[in-house]
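The first residue in the sequence is number 1, and the count goes up from there.
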Amino acid sequence: MGFFSFLLLGLIAGAIAKLILPGKQAGGWFATLLLGVVGAMLGGWLGGLIFNVDLQSFFSLATWALAIGGSLIVLLVYGLLTGRRSKA
């Protein structure tokens, strides 16, 4: 899978993860989509490392599941890091 298709996959996975996660995350849609790309890369790396999944196909269910799962993890961690700051 090429760089641009992986970038597109990450953007879509970030949008899906944003829809799945309840509540309001800081950063808006642009930050969420960037975090989705990072999450897709994390999910792809972990999937290849742990599950030995081949991520060469854009339309593979395993590729999408790992990208969305990685995006959810990154969005949750980002929400935990930015959501508890006080405005004092």
Derivation of the side chain to side chain contact (heavy atoms under 4.5 Å, CB included) call for Leu8 and Phe4
CA-CA 6 Å; Leu8 178 64; Phe4 290 112; over 6 Å; no
From Met41 CE over to Leu9 CG, what is the distance, rounded to the nearest 0.5 angstrom?
11.5 Å
Rounded to the nearest 0.5 Å, the OH atom of Tyr78 sits from the CG atom of Leu21 at a distance of 13.0 Å
Interatomic distance, CG@Leu11 vs CD1@Ile16, rounded to 0.5 Å, equals 11.0 Å
Check residues 64-75 and write down every donor-acceptor pair under 3.5 Å in which the side-chain atom is one partner and the other belongs to a residue at least two apart or another chain.
residue	atom	partner	partner atom	Å
Trp64	NE1	Phe58	O	2.6
Ser71	OG	Gly36	O	3.0
Ser71	OG	Ala67	O	2.9

Around atom CG of Leu49, are there more than 12 heavy atoms of other residues, nucleotides or ligands at under 6.0 Å?
yes
